[in-house]
S.K.: 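Provided herewith is a single structure, encoded as structure tokens, for subsequent inquiry.
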Amino acid sequence: MNSSHWTRRRLLRALPPAIVPVLLPRGLRAATQAPPPAAPFSKFVDVGASAGLTHPTFYGEDDNSTYILEVMGAGCAFIDYDNDGWMDLFMLTGRRLESVPPGDSNRLYHNNRDGTFTDVTERVGLKDVGWAMGVCVGDYDNDGWDDLFVTYYGHNRLYHNNGDGTFTDVTEKAGLLLPGIHYASGCTFVDYNRDGLLDLFVANYLDVDIVNGPRPSMQIPNCNYEGVPVNCGPLGLPSLRQYLYRNNGDGTFTDVSKESGVGALSGSYGLTAVAVDVDEDGWVDIFVACDATFSYLLMNNRDGTFREEALIRGIATSSDGERMSGMGVGVGDYTLDGHLDIVRTHFYNQSTGLYLNDGKGDFDDVSIKSGLSVERRYICWGTGIVDLDNDAWPDIFIVTGTVYPELNRTFPSRFPNKTPRILFRNLHDGTFAEVSGDEAGPAIAARHSSRGCAFGDFDNDGDIDILVMNRNEPPSLLRNDAPPANHWIKLRLEGSAGPGAAAKKDGVPHSNRSAIGARVLAHYGGKIQAQALTSQCSYLSVNDPRLHFGLGQATTADFEIFWPSGAKETYKGLTANHLHTIREGKGIVPGRPFSK
Amino acid sequence: MAVVAASPARAACTGPQALESRVKLHPSAEAWTELGNWFGDHQQFSCARDSFRAGLRLQPKSPQLNYLLGLSLYETGSLQDAIDPLRRSIQIDSSVMKPHLLLAAVFARLQQPADAEPEFRAALSIDPTSTMALHGLAAALGAQQKSDAVIAALRNAPLDEELSLDLANAFYQEGATVDAVNVLSKAMASSPNSVRISNELVTLYTKVSRTLDAERLAEQTYKAHPDDVSAQVSYLRILVLNGDWGPARPVGAKLLTEAPHDFDTLYLNGVLERQESDYAGARDHLTEALALKPDQPSVLANLGIALSRLHDPAGAKVQLEKAIEFGNTEPETHFELSTVLRTLGDSDGARQEMLRYQQAVKEKDDTTLAVSKAAEAAQTLQKGDVRHAVELYRQAFAAAPKNALIGYRFSSALDQAGDLDEERTVLEQVIAIDPTIALAQNQLGYLDSQRGDYASAEQHFRQAVTSAPRFTQAWISLAATLGVETRYDAAQQAVARALQLDPGNTQAQQLSHDLAAAQSQNQPAKN
């Protein structure tokens with residue numbers, strides 16, 4: 001008898017071809033890292049503690065997690081809630097799964113104008129504890145005071161800014177309180193119908209049951225990672241619908257998800273939502289970064305409806321058609337071609353996606369070409385395309401952090417719990433070079449488990465600082481010490497719409513008071529740069545609404561402003577190193593105080 | 001006298017003088033056996049066969065000679081002819097293991113695993129530790145997709161390398177990936193130098209998304225066996241999969257030197273080059289790989305992508321379409337083809353491919369959701385929360401309404417919950433998806449018989465035994481149903497089949513007895 005007969009099967013040997021398709025979707029390349037320009041770059045110092053940002057931002061446990069919501073973290077915001085011209089800080093927080101730590105709450109820090117902040121949360125009426133996710137800022141009633149909308153696993157909240165240093169929870173009165181538990185994530189105020197009133201888009205993440213839902217398990221396919229039981233999802237968990245609310249002009253909103261087409265979107269796990277006019281037709285579109293699924297790009301049909309076109313416009317996936325874990329979104333013009341490009345942060349082993357806009361809202365994935373794909377070690381969250389060193393070329397900043405703290409025990413070097421910030425310096429040729437902590441300061445190399453981050457000039461010194469939400473640690477406030485030789489210019493835009501329905505009265509187009517949705521072209525030193533005024537950006541966070549342009553050696557700049565109302569205005573010869581306040585239809589007006 | 005002296009075949013067979021003289025002068029079964037064994041030892045199997053046949057004429061009830069005849073026929077490739085003597089050997093003396101093993105091997109080679117299985121089992125009943133019988137049984141069960149039976153057979157058996165692979169694969173097929181990994185990890189601990197076990201464990205780690213463990217093990221094995229091409233391939237594969245291009249490059253280069261014409265070498269280097277944007281290099285290596293295996297969908301797809309990036313959309317289109325034709329199921333292939341078609345100006349085709357891409361992605365997501373929910377449901381059911389398990393299975397089946405297996409598990413949970421109406425509805429959906437699922441047919445038959453619809457029950461039981469002829473319980477159910485319908489002869493035939501499959505089945509024995517009694521009682525009435 002031929003003994004080989006008995007050993008004829010090699011079923012497992014048949015497996016390798018089966019995994020081969022897995023090899024398909026990758027299309028990344030380690031781009032050659034060009035040396036950064038010799039010019040000095042910004043240095044960053046974390047001044048959070050000395051500035052008084054001392055309360056930890058609780059969000060799940062440090063070393064384990066049962067459900068995905070414990071690790072998603074939350075956003076943060078720059079908001080000048082008292083209109084004093086100094087950016088205050090709003091931090092969202094979570095809780096522990098089984099308990100609420102003493103003192104836990106979302107927090108509003110008032111800017112003391114001396115580099116320090118005071119916690120005014122209780123005094124202003126913003127004390128609240130829960131699984132907060134996202135925040136968006138906008139003056140929805142056009143009363144001149146920025147309001148807050150906060151998304152939760154649970155119930156969202158709309159806080160009306162009373163203009164006297166306090167806020168009132170008006171969620172129910174505004175018609176925004178939904179029955180039942182929802183897992184809302186991204187949100188953005190957006191005047192989608194150009195009536196001068198800020199409407200509200202709310203993204204939802206996924207359906208997770210934190211009582212009976214699946215827990216970390218080796219038996220359930222989506223509940224383990226690299227052989228370690230971890231929180232389940234997002235794949236394998238049901239997705240949720242998205243919401244659009246129309247502002248009625250009387251302090252209330254109407255759910256128009258169905259008639260706008262937004263409610264029909266399905267299958268994706270929505271996270272950060274950004275309202276921006278990507279095709280430059282004067283009507284604001286909405287981009288939603290979605291986790292592990294197709295991102296959404298909702299193109300404004302100019303008739304109160306949207307059409308979803310992310311796939312055909314090249315921004316739903318990677319260039320290979322691989323669905324990415326979209327977390328955070330940055331919008332900016334890194335090539336200085338006058339069009340708004342998008343950066344979207346992703347998961348382990350996925351390059352951060354950089355999408356070049358052709359001005360018509362069609363995007364080209366240039367992650368490889370730009371050099372961003374060299375860095376794939378971390379899960380990336382908050383991000384921005386911002387000119388950090390004022391050299392006139394926007395850079396890219398990213399915060400990182402794990403979602404699987406359990407992996408640290410098995411793979412401490414590969415999957416540490418805390419990971420550094422990532423900074424890509426613009427090399428002025430369409431590519432970037434990663435800047436190390438040695439070059440940009442220890443705050444860049446410092447390791448945290450970060451989520452949201454927001455970009456703004458908290459000390460009014462003419463450069464962009466960075467506020468960072470760190471899970472279970474106090475926030476970081478990265479003070480930017482930009483090279484002093486470079487110039488800059490800031491714009492504060494104010495729409496002309498008056499309170500409530502008055503926006504529609506005179507037949508003249510009016511933009512919402514916050515000017516959210518405005519697109520600005522800056523011309524300086526032979527360059528042109530586009531920026532957008534957004535209500536949410538980065539990861540579920542809000543940037544300083546004062547648009548900041550680094551000018552390099554230029555000392556003046558011209559501006560074209562495309563107001564969300566559809567109006568266009570041009571301003572010439574604005575001087576560098578100043579904040580200019582522009583009111584729609586009125587021109588440059590005296591603004592809030594600004595001192596360096 | 002020489003019994004076979006006149007045989008022309010015998011004329012070509014010449015054994016040692018002493019043995020030849022013995023069969024001529026004193027022909028006996030023993031003498032022929034001795035001569036046949038000599039021929040067998042000298043690989044002259046036709047001569048051995050004739051000798052054994054001659055011996056059998058003298059001693060037809062010799063189990064040994066029947067076995068030896070079967071063996072010689074097996075060795076000459078006359079598999080069908082080997083069956084009868086082997087069966088005779090077993091009938092005469094069923095306590096000897098070798099005839100069972102050989103008969104099982106014959107059936108296995110004849111691609112009749114269902115017939116091989118009982119012979120392997122019989123061999124194991126004689127020697128439960130027989131590695132050969134265990135290997136054979138695992139193979140026979142595996143060929144019948146009976147992974148659960150493989151696990152039952154091997155779980156407590158002494159495992160060698162081969163059996164470890166069999167058991168691990170069975171666990172994997174059953175979705176018990178943790179057990180699969182444990183089995184191979186133990187095998188690896190027992191045989192730390194086994195490249196084969198290492199390679200299989202690397203593959204398994206990859207399949208269960210433990211890519212770092214896979215890389216670590218592959219690297220260890222690669223370093224311990226630097227000249228082993230299979231270890232190099234295994235390491236390169238996981239490096240490419242993990243996107244670790246830095247360490248992948250030298251391994252790929254080494255393979256190109258040491259095994260330049262190996263399919264895996266060419267394919268993996270091509271994929272690596274494609275990932276690193278060296279599209280010309282990728283094109284060349286993938287083209288070479290394709291020459292070795294022209295219908296490999298993954299190679300075609302990668303080549304298509306490389307050509308697309310090299311601005312050869314027409315060439316890319318050909319390869320991508322072939323990839324899909326040859327079974328590439330990756331959604332991204334449709335995505336790439338859509339891009340290529342758009343470049344070629346075929347907007348309608350591009351749109352169609354994009355729709356296919358989206359559909360494929362959706363199906364993938366739905367499957368992921370369904371599999372996760374079903375796994376969660378199984379876990380919940382184990383904990384005894386039947387109601388919650390039912391809800392989870394409901395969600396799973398809703399996400400993958402064409403997945404008959406999930407549907408069947410859903411119906412089982414409903415059965416446990418006592419919701420027989422919905423159980424029936426779901427079972428009907430299951431057999432509408434796949435009428436060959438014998439368990440579903442059997443259960444539907446049971447439900448029908450419970451409500452007195454014996455005609456429908458009979459149909460389902462018949463479907464069950466048609467789909468799974470060795471499904472003893474379905475035969476018993478069919479027999480009972482036929483008995484109720486007073487079709488005793490048919491009932492007896494069905495229960496006889498059950499007893500043939502499982503002679504010790506007490507339920508079948510009792511039913512057979514009851515049927516006989518009922519038949520004798522009802523005989524006059526029928527007349």
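Basis for what follows: all heavy atoms, side chains included, without hydrogens, waters or symmetry-related copies. Worth saying up front: this structure is predicted, and the values here are computed from it rather than measured. Proteins get letters first, then strands, A, B, ... in listed order; numbering begins at 1 in each.
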S.K.: Using a 4.5 angstrom heavy-atom cutoff, name the option from Leu163(B), Thr380(B), Val361(B), Val208(B) with the most pairs to chain A.
M.R.: Val361(B)
S.K.: Should the pair Arg414(A)-Glu226(A) be classified as a salt bridge under the 4.0 Å nitrogen-to-oxygen rule?
M.R.: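 Judged by the 4.0 Å cut-off on N to carboxylate O distance, Arg414(A) and Glu226(A) do not form a salt bridge.
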S.K.: Could you tell me whether Arg313(A) and Asp362(A) have a side-chain N and a carboxylate O separated by less than 4.0 Å?
M.R.: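 Looking at Arg313(A) and Asp362(A), the cut-off is met.
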S.K.: If we define contacts as heavy-atom pairs under 4.5 Å, which of Val371(B), Thr211(B), Val178(B), Leu392(B) has the most with chain A?
M.R.: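 Of the candidates given, the most pairs with chain A belong to Thr211(B).
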S.K.: Looking at every non-hydrogen atom in both residues, tell me the closest pair between Ala316(A) and Arg344(A) and how far apart they are.
M.R.: O-NH1, 3.9 Å
S.K.: Do Ser372(B) and Asn222(A) have side-chain atoms, one donor and one acceptor, less than 3.5 Å apart?
M.R.: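 Looking only at side-chain atoms, Asn222(A) and Ser372(B) do form a donor-acceptor pair, the distance falling under 3.5 Å.
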S.K.: Does any heavy atom of chain A fall under 4.5 Å from the side chain of Tyr205(B), the backbone, both, or neither of them?
M.R.: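 No part of Tyr205(B) comes within 4.5 Å of chain A.
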S.K.: Could you verify whether a donor N or O on one side chain and an acceptor N or O on the other, from Glu363(B) and Gln359(B), lie under 3.5 Å apart?
M.R.: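 Gln359(B) and Glu363(B) do have a side-chain donor-acceptor pair below 3.5 Å.
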S.K.: State plainly whether the residues Arg249(B) and Asp278(B) are in salt-bridge range, i.e. N to O under 4.0 Å.
M.R.: no
S.K.: What residue, out of Thr339(B), Asp365(B), Thr367(B), has the most heavy-atom pairs lying under 4.5 Å from chain A?
M.R.: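 The residue among Thr339(B), Asp365(B), Thr367(B) with the greatest pair count is Asp365(B).
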S.K.: Examine whether an atom of Ser239(A) lies under 4.5 Å from a heavy atom of chain B, and if so say whether it belongs to the side chain, the backbone or both; otherwise answer neither.
M.R.: neither
S.K.: What part of Asp160(B) gets within 4.5 angstrom of chain A, counting heavy atoms only: side chain, backbone, both, or neither?
M.R.: neither
S.K.: So which part of Arg342(B) gets closer than 4.5 Å to some heavy atom of chain A, the side chain, the backbone, both or neither?
M.R.: neither
S.K.: Ala292(A), Gly267(A), Pro238(A): which one forms the most heavy-atom pairs within less than 4.5 Å of chain B?
M.R.: Pro238(A)
S.K.: Would you mind telling me which of Pro221(A), Cys223(A), Pro214(A) has the largest number of heavy-atom pairs within less than 4.5 Å of chain B?
M.R.: Pro214(A)
S.K.: Who among Asp385(B), Asp264(B), Leu369(B) has the most heavy-atom pairs with chain A under 4.5 Å?
M.R.: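 The candidate making the most pairs under 4.5 Å is Leu369(B).
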S.K.: Any Lys/Arg nitrogen of Glu200(B) or Lys207(B) sitting under 4.0 Å from an Asp/Glu carboxylate oxygen of the other?
M.R.: no
S.K.: In terms of heavy-atom proximity below 4.5 Å to chain A, should Glu376(B) be classed as side chain, backbone, both, or neither?
M.R.: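 For Glu376(B), the contact with chain A is made by backbone and side chain together.
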S.K.: Applying salt bridge (charged side-chain N to carboxylate O under 4.0 Å, His left out), name anything that partners Asp213(B), two or more places apart in sequence or on another chain.
M.R.: Arg210(B), Arg216(B)
